[in-house]
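Reminder, nothing fancy here: chain letters follow the sequence lines and each chain counts from 1.
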Amino acid sequence: MRVYNTLTGKKEDIVPLVPGKIGMYACGVTVYDVCHIGHARSAIVFDVMRKYLRFRGLDVKYVRNFTDIDDKIINRARQEGVRWDEVAKKYTDEYYADMDRLGVGRADVEPKATEHITEIIAIVRGLVEKGYAYVLDGDVYFEVKKFGDYGKLSKRDVEDMLAGARVEVDERKRSPMDFALWKSSKEGEPSWESPWGPGRPGWHIECSAMTMKHLGESFDIHGGGADLIFPHHENELAQSEAFTGKPFVKYWVHNGFITIDKEKMSKSLGNFFTIKEILDKFDPEVLRFFLLSTHYRSPIEFSDASLREAEVSIDRYYTTWIRTEDFLKESSEKVKTTAEEKPFEDLLSSFMDKFKEAMDDDFNTALALGLIFELIREANKFLDSRPSGQKAMELIRKASDLLVQSGGVLNIFNKKPDEWYDALMLTKKIPFSKADILERIRRRQEARQRKDWTEADVIRKELEDQGIILEDKKNGSVWRVMINR
RNA sequence: GGCGGCGUACCCAAGUGGCAAGGGAGAGGUCUGCAAAACCUUUAUGCAGCGGUUCAAAUCCGCUCGCCGCCUCCA
């Protein structure tokens, strides 16, 4: 398995620090507002990585944090006139609600900054003692120039950055690049006792404390959005390695942004969609599929049209699923071998290797999806050749097993077709109930038996106008929800 | 200004040296009472442009053009 490591700028073989085990940390969210789909991308990408690593037999410990104390939270609380911890609680709940709807699983440990104040203080104290940090009026700063490797993750040169000087200058600091490990609290602000007086942790130190506690001083994979590379991860790396004297993270993994009209989706530009907004119009599976249809490091342009395309693709999957189910239900004594059998069998036996190969190569979900659709096409082709007999059934059963297995890793295609259509009934706001539809199908079936094609077509048209498509099969008609309307 | 990335068909999108995955849309066809679904054929002698290296380049190197990101909070 290989992964692109931001630290080295190359794809590298994944060799766990402890054979058979993976320690993995992903930066979660600061709980001061509702999540947008950029947060969803990060959450989904690392959820799938975790699932795949497990699928490959690794014992994964996945940690994802909450930043529940921060200036933004304090500001938000001030604006809303509520306590800071109420803000944190509220948006933590919102986060869970969004993730649950999205189908993103919980991490193995979900630590909060405020639950690690003791550990944070211990690290800050250690850094002061080791001479990497200095105290100023109750604040503690990390002195960047003391850490020779500073800039190695984001490929930045400290001198260049100083020359650029877009950093807010606090005259008291020894260097503008120095960053806060501990911030003294003003009257009325949340605070914890510390050797430097009442205060709260700086932004980056919490991750060092939490990773160290839950994954050890060195661990395998650290992930997050690409916008966290600098300064957050750079600072995290510096303070962690300065404190322990050991390599902090083996593989740094960063996901690309979601763009709108080619521009990064962000709070400040205001061009963002919340997870809720999207899930009102699309099933969570559609968003997941869409996000996995592009490699995780590439930017992905967000639009309704793209989500509709994803919807069509998913529908193709469930349509095929129904075909395979129908096929397996029909008992077939007579054996009919077709010319399609051999190529189909070959594809089935090579599929899982190719799927693994795709996912092994830096979690190439887009390529993996391509393979899944190749399998779907071949399964349909095989069924079109009208085979029958035990062997044919075994092949189809194997195909659906492979689809379930690969879909399971990607956390897609995990519904039953019925559930997919139920979901579409809701998101497409179909005005008919299932009973309405079945009643019309029954009436149409009578008309068809009378060979009253006009009447049959009128009923079909009526359903079609409301977004329901009928398919006539040899033993009756079935309905589906129309996607493109 | 410094650093990094991207540009593949009508659209989305894989592909880091050896015949250009996959999906959508379009056209034609098979099947069907007609449809739908499915399948088949078709749609890039070509990968932003120009040079170079190589037996061989979308892939490596150089330059040019265009777009974007980070350098400040950000998934």
Side-chain angles (χ1 to χ4, degrees), chain A residues 6 9 11 26-30 32 35-46 70-72 151 154-157 159-161 163-168 203 223-232 234 254-259 262-269 272 289-290 293-295 297-301 303 305-306 308-316 319-320 322-323 340 354 358 361 364-385 448 451-454 456-457 460-461 464 469-474 477-480 482-484:
Chain A
T6 306
K11 278 189 205 170
C27 281
V29 291
T30 300
Y32 76 105
C35 291
H36 57 68
I37 52 177
H39 297 104
R41 183 176 197 190
S42 204
I44 287 167
V45 159
F46 293 110
D70 171 270
D71 288 352
K72 288 195 291 290
S154 57
K155 315 282 182 283
R156 261 161 244 267
D157 182 85
E159 297 305 318
D160 286 350
M161 281 190 280
R166 298 234 328 250
V167 192
E168 191 185 330
W203 175 32
D227 44 5
L228 296 180
I229 296 171
F230 190 89
H232 185 232
E234 190 70 59
H254 294 96
N255 64 275
F257 302 124
I258 292 182
T259 59
K262 299 273 173 84
E263 276 188 320
K264 179 187 170 185
M265 193 174 78
S266 73
K267 279 271 167 65
S268 47
L269 285 168
F272 63 91
F289 183 97
F290 165 69
S293 65
T294 298
H295 186 89
R297 279 189 286 119
S298 303
I300 183 167
E301 171 73 13
S303 69
S306 306
R308 265 183 267 116
E309 263 193 32
E311 212 167 39
V312 170
S313 296
I314 295 169
D315 200 58
R316 179 168 159 80
T319 303
T320 303
I322 290 174
R323 280 194 82 183
E340 307 300 335
K354 287 193 283 185
D361 186 11
N364 196 335
T365 54
L367 181 56
L369 285 174
L371 295 169
I372 286 175
F373 280 96
E374 187 187 12
L375 178 56
I376 286 173
R377 190 188 61 227
E378 294 304 317
N380 276 312
K381 195 173 179 173
F382 180 61
L383 290 172
D384 274 2
S385 71
R448 291 183 73 214
K451 297 219 188 313
D452 183 350
W453 307 125
T454 315
D457 289 350
R460 185 167 59 197
K461 184 71 168 51
E464 196 180 310
I469 303 268
L470 294 189
E471 275 184 43
D472 297 334
K473 299 189 178 182
K474 62 172 181 270
S477 302
V478 297
W479 59 274
R480 295 186 305 112
M482 196 193 297
I483 301 286
N484 282 313

Reckon His295(A) touches a base, only the sugar-phosphate, or nothing at all at heavy-atom distances under 4.0 Å? sugar-phosphate
Side chains of Ile322(A) and Arg480(A): does their closest heavy-atom pair fall under 4.5 Å? no
Reading RNA chain B from 5' onward, which residue's closest nucleotide shows up sooner: Ile300(A) or Lys381(A)? Ile300(A)
For Arg323(A), report the nucleic acid contact type (base, sugar-phosphate, nothing); a contact means any heavy atom under 4.0 Å. sugar-phosphate
Please give the distance between the P atoms of C3(B) and A20(B) as a whole number of Å. 36 Å
Quote, to the nearest angstrom, the C1' distance that separates C50(B) from A9(B). 22 Å
C71(B), C67(B), C3(B): which one has an atom nearest the side-chain heavy atoms of Arg156(A)? C71(B)
Taking atom types as they are modelled, would you say the side chain of Glu374(A) forms a donor-acceptor pair with the base of G22(B) within the 3.5 Å cutoff? no
Does Asn364(A) have a side-chain nitrogen or oxygen under 4.0 Å from the phosphate oxygens OP1 or OP2 of G15(B)? yes
Pairs counted only when both distances fall under 3.5 Å, Watson-Crick or G-U: show me the 5' to 3' dot-bracket for RNA chain B, [ ] for pseudoknotted crossings and | for other-strand partners. ((((((((.[[[..)..(...]]].(((((.......))))).....[[[[[..)....]]]]])))))))....
When the side chains of residues 366-380 of chain A are checked against the rest of the protein, which donor-acceptor pairs come out under 3.5 Å, sequence neighbours left out?
unit_1: Asn380(A); atom_1: OD1; unit_2: Arg323(A); atom_2: NH1; d: 2.9
unit_1: Asn380(A); atom_1: ND2; unit_2: Thr320(A); atom_2: OG1; d: 3.1
unit_1: Asn380(A); atom_1: ND2; unit_2: Ile376(A); atom_2: O; d: 3.3

Taking atom C1' in both C73(B) and C61(B), compute the distance separating them and give it to the nearest angstrom. 39 Å
Any base atoms under 4.0 Å from Gly38(A), or only sugar-phosphate, or nothing? Heavy atoms, all strands. base
Is Arg297(A) near enough to C6(B) that one of its side-chain N or O atoms lies under 4.0 angstrom from OP1 or OP2? no
Any donor-acceptor pair, under 3.5 Å, between the side chain of Arg377(A) and the base of C39(B), if you only look at N and O atoms? no
Taking the C1' atom in each of G29(B) and A48(B), what is the distance between them to the nearest angstrom? 37 Å
Among C71(B), A13(B), G22(B), the one nearest Thr294(A) by side-chain distance: A13(B)
Listed by chain and number, what are the side chain to side chain donor-acceptor pair (under 3.5 Å) partners of Ser293(A), not counting sequence neighbours? none
For atom C1', what is the distance between A21(B) and C55(B), given to the nearest Å? 26 Å
Polar side-chain atom of Ser42(A) near backbone of His39(A) as donor-acceptor pair, under 3.5 Å: no
Base, sugar-phosphate, or nothing for Leu470(A), non-hydrogen atoms under 4.0 angstrom? base
Any Lys473(A) side-chain N or O less than 4.0 Å from OP1/OP2 of U32(B): no
Do the side chain of Arg41(A) and the main chain of Gly256(A) share a donor and acceptor less than 3.5 angstrom apart? yes
Over all strands shown, is Gly9(A) touching base, sugar-phosphate only, or nothing at heavy-atom distances under 4.0 angstrom? nothing
Between G46(B) and U8(B), how far apart are the two C1' atoms, rounded to whole Å? 9 Å
State which of A38(B), C70(B), C34(B) makes the closest approach to the side chain of Asn380(A). A38(B)
Out of A75(B), G33(B), A13(B), whichever nucleotide has its closest atom nearest the side chain of Phe257(A): A75(B)
What nucleic acid atoms does Asp157(A) come within less than 4.0 Å of, heavy atoms only: base, sugar-phosphate, or nothing? nothing
Carboxylate-amine/guanidinium proximity below 4.0 Å for Arg460(A) and Asp457(A): yes
Which part of the nucleic acid, if any, lies within reach of Ser306(A) when heavy atoms closer than 4.0 Å are counted: base, sugar-phosphate only, or nothing? nothing
Taking atom types as they are modelled, would you say the side chain of Arg41(A) forms a donor-acceptor pair with the base of A75(B) within the 3.5 Å cutoff? no
Integer angstrom distance from the C1' of G17(B) to that of U53(B): 12 Å
Does Lys267(A) reach a base, just sugar-phosphate, or nothing at all? Heavy atoms under 4.0 Å. nothing
Counting distance alone, no hydrogens or angles: does the base of G33(B) have a donor or acceptor under 3.5 Å from a partner atom on the side chain of Asp457(A)? yes
Donor-acceptor pair present, Asp384(A) side chain and C40(B) base, under 3.5 Å: no
Val312(A) has its side chain closest, among G69(B), G24(B), A14(B), to G24(B)
Can you find a side chain N or O atom of Arg316(A) that sits less than 4.0 Å from OP1 or OP2 on G23(B)? yes
Could you tell me whether Ile322(A) contacts a base, only the sugar-phosphate backbone, or nothing, with contacts defined as non-hydrogen atoms closer than 4.0 Å? nothing
Nearest-angstrom distance, P atom, G7(B) to G15(B): 10 Å
Both Arg480(A) and Glu309(A) contact RNA chain B. Taking the nearest nucleotide for each, which residue is further toward the 5' end? Glu309(A)
